[in-house]
Number of protein chains: 2
Amino acid sequence: MEDQLLRLDNQVCFAVHAASRALDGVYRRELRDLGLTYPQYLVMLVLWEHRPGGADGRALSVKELGEALRLDSGTLSPLLKRLEAAGLVRRDRDRRDERSVLVGLTPQGAALRERAGRVPARIFAATGLDESEVRHLRQVLTRVTGALDGALLEPAAATGVPAR
Amino acid sequence: MEDQLLRLDNQVCFAVHAASRALDGVYRRELRDLGLTYPQYLVMLVLWEHRPGGADGRALSVKELGEALRLDSGTLSPLLKRLEAAGLVRRDRDRRDERSVLVGLTPQGAALRERAGRVPARIFAATGLDESEVRHLRQVLTRVTGALDGALLEPAAATGVPAR
DNA sequence: GACGATTAGATTGTGCGCAATTCAATTGCC
DNA sequence: GGCAATTGAATTGCGCACAATCTAATCGTC
């Protein structure tokens, strides 16, 4: 019986892993003519979101981007350099705190938003889910991610009863 | 309103992506003293499963492993070489079909199964889910993965109504 | 104001994942 | 039997992800 539970658990972890890769595959196709990968698209989404006006909305530091996307500088630094090389973002040192690098959109980066507009609908259709399932799935996964991140902060063996 | 839905869709995709990485992080810690990464652990799970007896259970080809794990040779070849270098698996050409490589467990690889036994329970605890939630989540994700893989086989723009 | 501690990014190294290509073995067709 | 097409692995190239380390800037404390 315990064996049953454990097998089930393995399957759900694998299911998350496999679903993530399958999503990545569909995004890869849908983003190809935008010249973006899925992680790059995520960065662009955050940037688009934070300048709802058109003008020169406020830029975000690498740290803020990392907090929003749960990524560290080891991932973001090279990714942002690629977006910069593609002409989509600018990276400038913050004059108020020279440790920070502020990431902002170029006109081309801002303009890309419109072309990316149809992507979510295609992905949504490809999942075969309805809206309430999406809502529920998001809620469950967000809770799980929080629990997993919390578990990582604990010693290491805190899976059950506290030490007596 | 539609915009709202699209945002939700972006969120659920990100939730899958983030949950997958969070899971990977917890597995990383739990598998550290086994010397395995999560993908390596998945390969070992498949091998352990396919030789339930103790003896010299049947080996699996790289192709069969790839089908079970949804991975291609570009990922599996170097991964299996690392497992081989670690002394956990053997790789031998199939004498019946010299194109195939059969992957089998070494005694050390088989022995590792026991030490890995406690891992699933720790992961399960870390997710904070109960058994029925796990079951439901697995079912939804498996369905989504199938739908996404199916969508990849279609032309590219088949998001809605078929052409009239 | 000087100095140790902290913080933000960048860099390096390792491994996963996939597309595209290559090569050898096998199969199919004539 | 001979040759083209197919199949199974391996390799190459690129990008993501994370740990560990490094550097420079800033902050705290005295």
Side-chain angles (χ1 to χ4, degrees), chain A residues 14 16-29 31-32 35-43 59-67 69-86 91-103 148-149 152, chain B residues 14 16-29 31-32 35-43 59-67 69-86 89 91-103 145 148-149 152:
Chain A
F14 177 67
V16 173
H17 190 67
S20 178
R21 286 188 290 131
L23 259 181
D24 197 59
V26 175
Y27 269 113
R28 193 188 316 277
R29 186 182 67 187
L31 294 173
R32 185 158 40 213
L36 294 175
T37 65
Y38 179 54
Q40 289 166 8
Y41 171 72
L42 289 176
V43 168
L60 293 172
S61 69
V62 173
K63 178 180 174 55
E64 288 170 313
L65 273 171
E67 282 164 356
L69 297 173
R70 201 186 169 283
L71 290 171
D72 68 4
S73 70
T75 300
L76 283 174
S77 287
L79 188 156
L80 291 169
K81 279 191 184 175
R82 284 187 284 271
L83 288 180
E84 186 181 37
R91 301 186 310 135
D92 309 286
R93 287 276 160 190
D94 186 346
R95 278 190 214 81
R96 298 159 185 276
D97 183 343
E98 296 270 343
R99 291 173 302 181
S100 291
V101 168
L102 297 178
V103 181
L148 291 170
D149 282 345
L152 267 184
Chain B
F14 176 69
V16 173
H17 188 68
S20 178
R21 286 188 290 133
L23 261 179
D24 197 60
V26 175
Y27 269 112
R28 191 188 317 274
R29 187 183 65 189
L31 295 174
R32 185 157 39 213
L36 294 175
T37 64
Y38 179 55
Q40 290 167 7
Y41 171 71
L42 289 176
V43 167
L60 293 172
S61 69
V62 173
K63 178 180 174 54
E64 288 170 313
L65 273 171
E67 282 164 357
L69 297 173
R70 202 186 169 284
L71 290 171
D72 68 4
S73 70
T75 300
L76 283 174
S77 287
L79 188 156
L80 291 170
K81 278 191 184 174
R82 283 187 285 271
L83 288 179
E84 186 182 37
V89 308
R91 301 185 310 136
D92 309 286
R93 288 276 159 190
D94 185 347
R95 279 191 213 81
R96 299 159 186 276
D97 183 343
E98 296 271 344
R99 291 173 302 181
S100 290
V101 168
L102 296 178
V103 182
T145 301
L148 291 170
D149 282 345
L152 267 184

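Side-chain atoms are counted along with the backbone in the values below, which use heavy atoms only and exclude waters and symmetry mates. Below, read A as the first sequence line, B as the second, and so on, with proteins coming before strands; counting in each chain starts at 1. Because the structure is a prediction, the values reported are computed rather than measured.
A distance of 12.5 Å separates CZ of B:Phe14 from CG of A:Leu23, quoted to the nearest 0.5 Å.
Following rounding to the nearest Å, A:Glu84 (CD) and C:dG9 (C1') show an atom-to-atom distance of 14 Å. Between the P atom of D:dA17 and the CD atom of A:Gln40 lies a distance of 10 Å, rounded to the nearest Å. Rounded to whole Å, atom P of D:dA9 lies 9 Å from atom CG of B:Leu76. Here the C1' atom of nucleotide C:dG15 and the OH atom of B:Tyr41 are 19 Å apart, to the nearest Å. As a whole-Å value, the separation of B:Leu23 CG from D:dA17 P is 15 Å. Between B:Leu80 atom CG and D:dA9 atom P there is a gap of 10 Å when expressed in whole angstrom units. Taking atom CD of A:Glu67 as the reference point, atom P of C:dT7 lies 12 Å away to the nearest angstrom. One interatomic measurement links the two molecules: CG of B:Leu65 to C1' of D:dA9, which rounds to 13 Å at whole-angstrom precision.
Side-chain N/O atoms of A:Arg28 include none lying less than 4.0 angstrom from OP1 or OP2 on C:dC18. For C:dG9, the OP1/OP2 oxygens have a side-chain nitrogen or oxygen of A:Ser61 closer than 4.0 Å. Residue B:Arg29 has no polar side-chain atom (N or O) positioned under 4.0 Å from OP1 or OP2 of D:dC18.
Nearest to the side-chain atoms of B:Ser100 among the listed nucleotides C:dG17, C:dG9, D:dG8 stands D:dG8. When the nucleotides C:dG15, C:dG9, C:dG17 are ranked by their closest atom to the side chain of A:Val62, C:dG9 comes out on top. Here the side chain of A:Lys81 is nearest to one of C:dG17, C:dA10, D:dG15, namely C:dA10.
Across all strands shown, B:Thr37 has heavy atoms under 4.0 Å from sugar-phosphate atoms exclusively, and none from any base. Nucleic acid contact for A:Arg32: none, since no nucleic acid atom lies under 4.0 Å from a heavy atom of the residue. Counting non-hydrogen atoms under 4.0 angstrom, B:Leu79 reaches the backbone sugars and phosphates but no base. Within 4.0 Å of A:Ser77, counting heavy atoms only, lies at least one base atom of the nucleic acid. Residue-level contact check: A:Arg70 touches the backbone only, with heavy atoms under 4.0 Å from sugar-phosphate atoms and none from bases.
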Kindly determine whether B:Thr37 and B:Leu31 satisfy side chain to side chain contact (heavy atoms under 4.5 Å, CB included), including the steps that lead there.
CA-CA 7 Å; B:Thr37 64; B:Leu31 295 174; over 6 Å; no
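In this structure, B:His17 and A:Tyr38 have perpendicular ring planes: the angle between them is above 60°, well past the 30° mark.
With the nearest nucleotide of DNA chain C identified for both B:Leu71 and A:Gly74, A:Gly74 has the one nearer the 5' end.
Within the 3.5 Å criterion, the main-chain N or O of A:Tyr27 finds no donor-acceptor partner in the side chain of A:Asp24. A:Asp149 contributes no side-chain N or O that, together with a main-chain N or O of A:Leu152, makes up a donor-acceptor pair within less than 3.5 Å. Judged purely by atom type and a 3.5 angstrom limit, B:Arg21 uses its side chain to pair as donor or acceptor with the backbone of A:Arg70.
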Below 3.5 Å is the cut-off: list the nitrogen or oxygen pairs between protein and nucleotides 25-27 of chain D, distance only.
residue : atom : partner : partner atom : Å
D:dT26  : OP1  : A:Glu98 : N            : 3.0

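Of the residues listed (A:Val103, A:Leu69, A:Leu60), the one engaging A:Val43 in a side chain to side chain contact (heavy atoms under 4.5 Å, CB included) is A:Leu69, and it is the only one.
The base of C:dA10 sits within donor-acceptor range of the side chain of A:Ser73, with an N or O pair under 3.5 Å.
Look at B:Glu84 and B:Arg91 and you find a salt bridge, because one of the NZ, NE, NH1 or NH2 atoms lies within 4.0 Å of a carboxylate O, short of that distance.
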